[in-house]
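The sequence lines fix the lettering, A, B, ..., with proteins before strands; numbering per chain opens at 1. Owing to the predicted nature of the structure, the values given are computational and were not obtained by experimental measurement.
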Amino acid sequence: MFNMYDFLNNVVIPAIVYSNIYALASIGLTMTYITTKIPSFAHGDLAAVGAYATFYFLYFLFGGIKPGSVYLAMPIAALAGAAVAYLSYIGVFKPMIRRGASVTVLMIASFGLHFLIFGILAILDSIAQTVYGWSTRNYSFSTGEVQIPGLTQSEVTAITSSVVLLLILAALYYLLNRTKFGVVMRASIDNAPLARALGIDVERVYAISWLIIGAVTGIAGIYMGMIFPVTEELGWLRLPLIFVAVIVGGLSSIYGGVIGGYIVGWSMVLGFNYILNPLNLPPEYQLAIPFAIVIATLLLAPQGIAGLIAARRRT
Amino acid sequence: MPLLKISELNAGYGKFHVLNGISLEVERGEIAVLLGPNGAGKSTLLNAIAGLATIYSGSIVVDGKDITRSSPSEIQKIGVGYVMQSPNNFGTPNIFPELTVRENLVAASVGVPQDAAEKALEEALGLFPKLKELQNRKAKFLSGGERQMLAISMGLMKRPKLLMLDEPTAGLAPKVASDVFSAIRSIRDMGITILLVEQNARKALEIGDRAFVMVTGRLRYSGPAKELDEEKLGRLIMGQ
């Protein structure tokens, strides 16, 4: 018999949390693609950077993670993600693009960058363990979530992650549509040669875009750390599904990517509860469902959700 | 002192050499017409002035300032506006298709103080009243003529001293092309010097004060537009 309480706790709440995590992470990856056309394999590492920055900040400040404290660290996670993303663009991608590197070369470079960030995080992790005695591996931020009487931690995370996602989307909407910088940024994405001819410093615009990409993905890292164990692989292990969200979303639209994130989140949770569980299949198969969706998307509507919306507007 | 002075310019793209020893002068307040067959290097010359081509030797001076090694944004600040051909050498249109008409004009006003940008925007919309009606429409939904009007308006947003127009009537119906030529005259009457690359030689020579003819990257004619007709132009192009 249908039980509303079970449905909320086993399906709706986890689906919202997963969806928000993938939606937040897909915003940055979509922006990476629409600005510099890089399918970056180092994107997930920006989330790991955000998570580790949160951990170190809270340990320095409080000696541990206290209820609600992750929100104090959110600006630090955003700053750390932004700094690493900016350096990635300025130090690796921009010089390669200037030399005419192809998308394949940039993609391979992003692999290298992933291992570099991964290695630096591992070294810092090792220092934190030996010097301060902190056990940073497999940590969870769930204890850092705010506590609201009568609500479980998952329910609170579903609310807070939704609020954060909505605030970020509203801020991005305002930036892109209501400010001169937003217009210039969209112009640089739409037609970079013309933007350059008009005197727009397109590379500077892209560099600022990478700051935004890193900041949003750094924040996504905090929410990843509430659900998944914090390790150097925190973002790397989520990257395939972030790519699924971005591809299903249509690659060209931030909002398409967010919808793609929601499709990934809901398909995983619904698939787990209504396909895998009844068939007694192990939860590892959960990943197969979003990938089946991306294959169907590529076969039936390769332009993704953003493309379908654009086509509908044209008719 | 001429507004634009080019001396012994050799330029191209990377290792692809296009322009050979180009020297020319354009006086203030005149319409200078640059004619020649496809592949003559007309667009490359405009790209070189705009800072978008590789310059190997020679010099470009605008309003007494040497801009030979300046960046596109510095050149814009000195007072050079550029309306690229559509599609241009880079294969893109001369507008931002995904932005509205108004946003296209805002993007073209980068570096202009807010008050001056607002004023320039109103002036641009005043020059082409049709654009005012369409200001909230995405540029990709405009007709060919409306797109050219928008592109020219974008070139005016920084109140340039020199406005370079690369084939602004290409692909337009005769009536629309005629409107564009009228607009070019109006822009000259605003005190802006114009360097016009045009395939419609007869109409261009009608409105032009000075003419240049280029063939295979070299200048074959430099003189008053009145002294050049289609027959003489044909002979110059054929190398006679």
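In this structure, no portion of B/Lys77 lies under 4.5 Å from any heavy atom of chain A. With a 4.5 angstrom heavy-atom cutoff, A/Ala195 touches chain B via backbone and side-chain atoms both. When heavy atoms are compared at a cutoff of 4.5 Å, B/Leu99 approaches chain A by way of both its backbone and its side chain. Both the backbone and the side chain of B/Ser109 come within contact range of chain A, each with at least one heavy atom under 4.5 Å from a heavy atom of that chain. Proximity to chain A (any heavy atom under 4.5 Å) is shown, for B/Ala50, by neither the backbone nor the side chain.
Residues B/Glu98 and A/Arg186 approach most closely at O-NH2, 4.3 Å, considering heavy atoms. Shown here for A/Arg196 and B/Pro72, the closest heavy-atom pair between the two residues is O-CB, 3.4 Å. Across all their heavy atoms, A/Ile200 and B/Ala107 have their closest contact at CD1-O, 3.6 Å. In terms of heavy atoms, A/Leu198 sits closest to B/Gln76 at O-OE1, 3.0 Å.
Residues A/Leu194 and B/Pro93 form no side-chain contact, since every pair of their non-hydrogen atoms from C-beta on lies 4.5 Å or further apart.
For A/Arg204, the CZ atom sits in a loose shell: 12 or fewer heavy atoms of surrounding residues, nucleotides or ligands are nearer than 6.0 Å. For A/Lys180, the NZ atom counts as densely surrounded, since its 6.0 Å shell holds more than 12 non-hydrogen atoms of other residues, nucleotides or ligands. Under a cut-off of 6.0 angstrom, the local environment of NZ in B/Lys161 is crowded, with over 12 non-hydrogen atoms contributed by other residues, nucleotides or ligands. Counting non-hydrogen atoms of neighbouring residues, nucleotides and ligands closer than 6.0 angstrom, the CZ atom of A/Arg178 reaches no more than 12 such neighbours. Residue-environment remark: CZ (B/Phe181) exceeds the threshold of 12 foreign heavy atoms within 6.0 Å. Under a cut-off of 6.0 angstrom, the local environment of OH in B/Tyr56 is crowded, with over 12 non-hydrogen atoms contributed by other residues, nucleotides or ligands.
The candidate with the highest count of non-hydrogen atom pairs below 4.5 Å against chain A, out of B/Val80, B/Val83, B/Val110, is B/Val110. The residue among B/Asn47, B/Thr100, B/Thr92, B/Ile75 with the most heavy atom pairs within less than 4.5 Å of chain A is B/Thr92.
Test A/Val184, A/Thr179, A/Val183 against B/Val106 for side chain to side chain contact (heavy atoms under 4.5 Å, CB included) and you get one pass: A/Val183.
Remark: A/Asp190 CG to B/Asn104 CG distance equals 8.0 Å, nearest 0.5 Å.
Under the 3.5 Å distance criterion, with hydrogens and angles disregarded, no donor-acceptor pair is assigned to the side chains of B/Ser73 and A/Asp201.
Looking only at distances, a side-chain donor or acceptor of A/Asn191 sits under 3.5 Å from a matching main-chain atom of B/Ile95.
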